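To start, the structure itself, in structure tokens.
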2 protein chains.
Amino acid sequence: MNENIKVPMPTLERLSTYLRYLQDVQARGVHTILSADVERDTGVNAAQFRKDLSFFGEFGKPGVGYNVLELQQRIARILQVHREQPVVLVGAGNLGTALIGYPGLRRHGFVIAGVFDNSPKKIGQRLGEMEIQDIQYLKEGIVKLGAKIGILTVPASEAQTIANTMVEADVKGILNFAPATLRLPADITVRDVYFFQELAVLSYCVSRAELLAERSE
Amino acid sequence: MNENIKVPMPTLERLSTYLRYLQDVQARGVHTILSADVERDTGVNAAQFRKDLSFFGEFGKPGVGYNVLELQQRIARILQVHREQPVVLVGAGNLGTALIGYPGLRRHGFVIAGVFDNSPKKIGQRLGEMEIQDIQYLKEGIVKLGAKIGILTVPASEAQTIANTMVEADVKGILNFAPATLRLPADITVRDVYFFQELAVLSYCVSRAELLAERSE
DNA sequence: TAGATTGTTAATCGATTAACAATC
DNA sequence: TAGATTGTTAATCGATTAACAATC
């Protein structure tokens, strides 16, 4: 392991898969797992799993395997999901509302601590336990909450401006649901979730599968 | 170009980015673009863009560039999003409801043609223009609609069973929002959308950025 | 034609996986 | 100790990008 090594993004993405898997096996009362188990149950190659972990230290015992609870706790700590973390959400439309109502986020340590919108109709209304705030106060609001992560569920046309405000308020990571390419400083991490892209990929693969099926008839 | 060549997944994923970009520039009244424009505006390397397209044929004129409208139409056709396509949704919870209310999907050709749930409370209720149907009739429903794409917004514990039913009904692609690893035949395409993973990656990157910031203080 | 940009080949880069020495 | 599995190195595989001949 090396403190300063750059961790590949695919490795980072797999960490949460491992975490989920560890929670599953723990719920089943299993205390020790092997990298071979991970491969069998998640589809991730066993060497891949060991290599991924090696970026962060040593986690297993040769000849024995991995302690489920310990591995779980250490991965949670690496991802900083071992404690609650305030997150700000901008855009109280359908999707934003769904995310607030999604219990999975809080269960994983992400607390939506503030909700903002620009619609006079929505401002002041309650949404779950929160009151929708005027986007005009976004910057102060984020600073006060100390949120370093923002969720963007606004129309594409507003995404860049709001993202800029978030960055001014010292947000360092943005989960972007708006179908827009955000231009932000290099030290800001952006994750795009783009439903149309997912469906378009499916659409391509499905049509290709049908083509191949026809051909073999 | 070669009819039988396997298109890399990253290429496929970028196609919808290109499509979005082309719609943007078309709305601005631009008729021709260069691969260099794509790089400037989307961040995708110009050679990457040209290489991606080369899997599907020739699209531009050397010395001139690409016709926006033509390129748009041809990519839409490759992705099979040039015409409406029925999609079935299972799980009428918060997220499912949000997706049904999301106008972006229909605008891109994906019509949610059937909604299913297992909750007696929900079955029979209206949701948008549709009535929530009993999941018991899922298989027949999918066959009747002719849906080849399914959206799964159910709890993880039910995901595998429902996915199996979808496949029995000849669904070929599944957009899976359930935090579960689906085990399906190799010819079925699955795209996982996993919010916690996205947030966990952000969480890691944010904490790392803060670490580096502290060190340089 | 001269200038410009494509499509494609070749070089580079990075991620995955196989193999094995270290170690429990 | 013998057997088993890890952590890590080396080999493979695939994707990105630079370079350039083809072509408008």
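All values reported here derive from a predicted model rather than from experimental measurement.
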Measure CG/A:Asp52 against C1'/D:dG7 and give the value in whole Å, please. 13 Å
Distance flag, aromatic centroids of A:Tyr66 and A:Phe49, threshold under 6.0 Å: yes
Nearest-Å distance, CG (B:Leu53) to P (C:dT5)? 17 Å
Short side-chain N/O contact to C:dA4 OP1/OP2 from B:Tyr66, under 4.0 Å: no
Reading DNA chain C 5' to 3', what string of ( ), [ ], | and . shows its pairs, if Watson-Crick and G-U wobble pairs count only when both distances fall under 3.5 Å? ..||||||||||||||||||||||
B:Glu13/B:Arg191 salt bridge by N-O under 4.0 Å criterion: yes
Rounded to whole Å, CD of B:Glu39 lies from C1' of C:dT6 at a distance of 15 Å
Scanning both residues in full, the closest heavy-atom pair of A:Pro86 with A:Ala113 reads CB-CB, 4.0 Å
Euclidean distance, B:Leu152 CG relative to B:Ile162 CD1, rounded to 0.5 Å: 5.5 Å
Inspect the contact between B:Glu39 and B:Arg50 and indicate whether a charged nitrogen and a carboxylate oxygen are less than 4.0 angstrom apart. no
Report the distance from atom CG of A:Asn67 to atom P of C:dC24, rounded to the nearest whole Å. 16 Å
In residues 7-16 of chain B, what residues come within less than 4.0 Å of DNA chain D, judged by heavy atoms? B:Pro8, B:Pro10, B:Arg14
State whether B:Phe59 and B:Arg74 meet the cation-pi test: NZ (Lys) or CZ (Arg) under 6.0 Å from the six-membered ring centroid, and within 45° of the perpendicular axis. yes
dist B:Gln85:CD -> B:Ile112:CD1 (nearest 0.5 Å) comes out at 12.5 Å
Do side-chain atoms of B:Thr11 reach the backbone of B:Val7 as a donor and acceptor pair under 3.5 angstrom? no
Write down the distance between CZ (A:Phe56) and P (D:dT6), rounded to a whole number of angstrom. 18 Å
Consider only side-chain N and O atoms of A:Gln80 and A:Arg83, and report whether a donor and an acceptor are under 3.5 Å apart. yes
To the nearest 0.5 Å, what is the distance between CD1 on A:Ile149 and CG on A:Leu89? 12.5 Å
Quick check for you: among D:dC24, C:dG7, D:dT8, whose closest atom lies nearest to any side-chain atom of B:Phe59? C:dG7
Candidate nucleotides D:dT5, C:dT5, D:dG7, ranked by approach to the side chain of B:Leu34 - the nearest: C:dT5
Using a cut-off of strictly less than 4.0 Å, decide whether B:Ser54 has a side-chain nitrogen or oxygen near OP1 or OP2 of C:dG7. no
B:Ile33 CD1 to C:dA4 C1', straight-line distance once rounded to whole Å: 16 Å
Using 0.5 Å steps for rounding, measure from the CG atom of B:Asn67 to the CD atom of B:Gln73. 8.5 Å
Within this structure, what is the CD-to-C1' distance between B:Glu58 and D:dC24, rounded to whole angstrom? 12 Å
Near DNA chain C, counting only heavy atoms under 4.0 Å, which residues of residues 43-51 of chain A show up? A:Asn45, A:Ala47, A:Gln48, A:Arg50, A:Lys51
